[in-house]
Amino acid sequence: MASLKYFLLRAVLFVVPFAVFMVLRIGVVLSAIYAVLIAFAINFLFLTRQRNAAASEVRDVFGGRKQVRSKRELADAEVEDALDEAQRADQEAEYEGAEGDENPSAEGNENPSAEGGKGEGGKAEGDRAQGDRAEGDTDVRGHGALREPASQGRKTEDRRTEDRRTEDRKAEDRRTEDLKAQDSGEQGTAS
């Protein structure tokens with residue numbers, strides 16, 4: 001607000017002398033030059049406090065110290081932050097619940113990561129992975145005695161999520177290929 005007041009004062013200090021000189025028919029160029037000189041002199045001598053306040057305001061805005069968001073924008077940001085935190089908490093709770101279902105260390109189930117390669121020694125790899133866990137080793141998820149740091153937990157979670165998406169894409173591709181094979185088989189018998 002201080003910069004706006006200062007701008008308006010400077011404009012008035014220029015316009016008033018300019019209008020007076022134009023009424024006296026001094027000429028446009030000379031009127032402008034005289035008006036600028038008068039506005040500068042008055043500004044320099046009498047408007048130091050307003051100039052400093054305007055400069056401080058501009059410095060705060062462009063220096064990053066002053067909030068340039070409106071109250072509504074700040075309220076919206078707070079609501080978004082709260083929603084993000086709630087979603088994160090739900091995802092973590094869902095992940096922890098799903099993680100308990102997927103932990104094959106005590107049940108004797110096959111290792112989920114070895115399911116795709118059952119035909120070529122996948123079963124043996126799954127058994128080997130289970131044997132390692134049975135010996136007391138901790139896995140990447142932090143089950144057992146050792147826990148992973150929080151920063152690594154987020155990265156590991158992202159990797160697991162990406163692995164699940166990749167597996168889902170592969171399964172979808174297989175289904176699509178099967179459907180295409182069925183369609184081509186049906187078209188061959190129809191011909």
Side-chain angles (χ1 to χ4, degrees), residues 1-103 138-173 176:
M1 188 58 119
S3 58
L4 180 64
K5 288 179 184 177
Y6 180 66
F7 172 76
L8 291 175
L9 278 171
R10 297 270 321 250
V12 169
L13 288 176
F14 173 78
V15 170
V16 171
F18 181 76
V20 169
F21 290 128
M22 287 300 292
V23 169
L24 295 174
R25 296 181 188 245
I26 294 181
V28 177
V29 175
L30 284 178
S31 295
I33 291 172
Y34 294 152
V36 166
L37 290 174
I38 292 171
F40 175 75
I42 293 173
N43 175 39
F44 186 74
L45 295 173
F46 301 109
L47 298 179
T48 305
R49 188 178 69 220
Q50 290 86 354
R51 181 175 55 248
N52 289 340
S56 174
E57 183 177 282
V58 170
R59 188 179 330 112
D60 288 345
V61 169
F62 288 106
R65 286 183 280 173
K66 187 173 183 179
Q67 293 276 343
V68 289
R69 289 180 159 184
S70 68
K71 290 179 183 176
R72 184 175 180 181
E73 288 174 329
L74 290 173
D76 287 346
E78 288 177 15
V79 170
E80 289 174 3
D81 290 344
L83 286 174
D84 285 344
E85 288 297 321
Q87 284 179 338
R88 236 182 244 128
D90 289 344
Q91 288 175 347
E92 287 177 6
E94 181 181 304
Y95 177 73
E96 288 175 4
E99 188 176 90
D101 296 340
E102 293 177 0
N103 186 6
T138 58
D139 61 1
V140 178
R141 289 182 221 131
H143 295 290
L146 299 175
R147 285 270 185 213
E148 60 193 4
S151 63
Q152 288 181 352
R154 186 68 73 190
K155 291 176 187 175
T156 305
E157 182 178 326
D158 293 342
R159 274 187 254 131
R160 276 190 238 119
T161 303
E162 188 62 35
D163 290 344
R164 283 188 207 131
R165 289 180 185 156
T166 304
E167 289 175 14
D168 291 343
R169 282 188 216 121
K170 287 179 182 178
E172 185 65 31
D173 289 344
T176 304

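The first residue in the sequence is number 1, and the count goes up from there. Note that these values count all heavy atoms, side chains included, but never hydrogens, waters or copies made by symmetry.
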Side chains of residues 23-39: which donor-acceptor partners sit under 3.5 Å, not counting sequence neighbours?
residue: Ser31; atom: OG; partner: Gly27; partner atom: O; Å: 2.5

Practice task
Apply side-chain contact (heavy atoms from CB on, under 4.5 Å) to the pair Asn52 and Ser56, showing each step before the final yes or no.
Solution key: CA-CA 6 Å; Asn52 289 340; Ser56 174; over 6 Å; no

Rounded to the nearest 0.5 angstrom, the CG-CD1 distance for Leu47 and Ile42 is 8.0 Å

Sorted by chain and residue number, the side-chain contact (heavy atoms from CB on, under 4.5 Å) partners of Glu162 (sequence neighbours excluded) come out as Arg165, Thr166, Arg169

Taken to the nearest 0.5 Å, the spacing of Leu74 CG from Lys71 NZ works out to 9.5 Å

Distance col, row Glu73:CD vs Glu80:CD, nearest 0.5 angstrom, shows 10.5 Å

For residues 2-15, the side chain to side chain donor-acceptor pair (under 3.5 Å) pairs (sequence neighbours left out) are Ser3-Glu57, Tyr6-Arg10, Tyr6-Asn43

Going through the distances and angles, do Arg88 and Glu85 end up as a salt bridge (Lys or Arg N to Asp or Glu O under 4.0 Å)?
-> CA-CA 5 Å; Arg88 236 182 244 128; Glu85 288 297 321; 3.0 Å; yes

In this structure, NZ of Lys170 is separated from CD of Glu167 (nearest 0.5 Å) by 7.5 Å

